[in-house]
Enquirer: 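Please find one structure pasted underneath; my questions will follow.
Note that the structure is predicted; figures quoted are calculated from it, not measured.
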Amino acid sequence: MKKTGIFVGSFDPFTIGHHSVVRRVLPLFDRLVIGVVGDNVHKPYMLPAEERMQAIRQLYAGEPAVEVKSYYGLAVDFARAEGARFIVKGVRSVKDFEYEREQADVNRLITKGEVETILIYAEPQFSSVSSTMVRELQHFGQDVSALLPPL
């Protein structure tokens, strides 16, 4: 049986921090599904989910272990649908850690321990990089190419 993990987020845009997480967790799994949130009404997206997915697919075109899919609803339901026992989350700060720890506790509770969360700490040089910051810099006309993975 293949070890499958999911890495979920809005990825608007998919940053060098996200890319770092994927690169570092790939050795843990036979299959990593990057789940792009398609219905998160709490964040105004610049790009439709299909465009975000296409950019990520291009980035990992040469990596057969990576799949990119959209999902709607709870991450644990997406994990179950993909046959994944693990949800991967990146953590940049104490604030991120507390939020993700609470989510992991709830996910473990509602899945009765069937789905575990793996927290991967940001590499120091990426600890300030966020999709929100990248979008804001783009809005003000700044070059953000150094904050995005090369295609």
Enquirer: Taking the side chain as C-beta and beyond, is there a heavy-atom pair between V33 and F78 under 4.5 Å?
Expert: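 They are in contact (side-chain heavy atoms under 4.5 Å apart), so the answer is yes.
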Enquirer: Do you know which of V76, V115, D105 makes side-chain contact (heavy atoms from CB on, under 4.5 Å) with I110?
Expert: V76
Enquirer: Go through the steps for Y60 and H19 under the test ring-ring contact (aromatic ring centres under 6.0 Å, His included), then give the verdict.
Expert: CA-CA 10 Å; Y60 297 106; H19 183 54; 5.5 Å; yes
Enquirer: I need the minimum non-hydrogen distance between V37 and R52, along with the two atoms involved.
Expert: O-NH1, 3.4 Å
Enquirer: If the test is side-chain contact (heavy atoms from CB on, under 4.5 Å), which one of I120, V8, I118, I6 qualifies with K89?
Expert: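 Among the candidates, only V8 passes.
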Enquirer: Just how far is it from atom CD1 of I16 to atom CD of Q125, taken to the nearest 0.5 Å?
Expert: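 Reported value, rounded in 0.5 Å steps: 7.5 Å.
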Enquirer: Show your reasoning for whether side-chain contact (heavy atoms from CB on, under 4.5 Å) applies to R31 and K3.
Expert: CA-CA 6 Å; R31 178 174 168 252; K3 282 186 286 181; over 6 Å; no
Enquirer: Looking only at heavy atoms, what is the nearest atom pair of A49 and G38, with distance?
Expert: CB-CA, 4.3 Å
Enquirer: Do the side chains of V21 and V129 join up, straight or via other hydrophobic residues, at under 4.5 Å, putting them in one cluster?
Expert: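 No: no chain of side-chain contacts under 4.5 Å links V21 to V129.
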Enquirer: Check which hydrophobic residues are tied to F97 through side-chain heavy-atom contacts below 4.5 Å, counting indirect links as well, and list them.
Expert: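 Members besides F97, by chain and number: V91, L119, Y121.
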Enquirer: Are F86 and F7 in one and the same hydrophobic cluster, where Ile, Leu, Val, Met, Phe, Trp and Tyr link if side-chain heavy atoms are under 4.5 Å apart?
Expert: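 Yes.
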Enquirer: Hey, mind stepping through L32 and E67 against side-chain contact (heavy atoms from CB on, under 4.5 Å) and telling me if it holds?
Expert: CA-CA 6 Å; L32 181 67; E67 297 176 27; over 6 Å; no
Enquirer: Please round to the nearest 0.5 Å and tell me the distance separating atom CG of L59 and atom CZ of F14.
Expert: 6.0 Å
Enquirer: Using a strict 4.0 Å threshold on nitrogen-to-oxygen distance, state whether R85 and E116 make a salt bridge.
Expert: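 Salt bridge between R85 and E116, a charged N being under 4.0 Å from a carboxylate O: no.
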Enquirer: Report yes or no: do D143 and S145 form a side-chain donor-acceptor pair below 3.5 Å?
Expert: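 A pair is found: one side chain offers a donor N or O, the other an acceptor, under 3.5 Å apart.
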Enquirer: Going by an N to O cut-off under 4.0 Å, is there a salt bridge joining R23 and E123?
Expert: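 Answer for the salt bridge query: yes.
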Enquirer: With side-chain contact (heavy atoms from CB on, under 4.5 Å) as the criterion, how do M133 and T15 come out once you've worked through the C-alpha distance, each side chain's angles and the decisive distance to 0.1 Å?
Expert: CA-CA 10 Å; M133 186 225 2; T15 69; over 6 Å; no
Enquirer: Quick one: CD on E136 to OG on S131, what's the gap to the nearest 0.5 Å?
Expert: 13.0 Å
Enquirer: I need the K69 NZ to M53 CE distance, nearest 0.5 Å.
Expert: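 CE of M53 is found 9.5 Å from NZ of K69.
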Enquirer: Could you state whether V68 and V25 fall into the same hydrophobic cluster, counting links through intermediate Ile, Leu, Val, Met, Phe, Trp or Tyr residues with side-chain heavy atoms under 4.5 angstrom apart?
Expert: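 Cluster IDs for V68 and V25 match.
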Enquirer: Can R92 and E100 be counted as an ion pair, charged N to O under 4.0 angstrom?
Expert: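 Looking at R92 and E100, the cut-off is not met.
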Enquirer: Rounded to the nearest 0.5 Å, how far does CD of Q103 lie from CG of L74?
Expert: 9.0 Å
Enquirer: Test of understanding: with side-chain contact (heavy atoms from CB on, under 4.5 Å), list the residues that count as partners of K2, not counting sequence neighbours.
Expert: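 In terms of side-chain contact (heavy atoms from CB on, under 4.5 Å), with neighbours along the sequence ignored, K2 is linked to T4, D30.
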Enquirer: After noting the C-alpha distance and the side-chain angles of Q54 and Q58, does the key distance pass the side-chain contact (heavy atoms from CB on, under 4.5 Å) rule?
Expert: CA-CA 6 Å; Q54 190 57 36; Q58 285 178 329; 4.1 Å; yes
Enquirer: Treating Ile, Leu, Val, Met, Phe, Trp and Tyr as nodes and any side-chain heavy-atom pair under 4.5 angstrom as an edge, say whether V134 and F11 lie in one connected cluster.
Expert: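 Result: no, two separate clusters.
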Enquirer: Any chain of hydrophobic side-chain contacts (each under 4.5 Å) joining V36 to L148?
Expert: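 V36 does not cluster with L148.
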Enquirer: Atom CZ in R80, atom CD in E82: separation rounded to 0.5 Å?
Expert: 14.0 Å
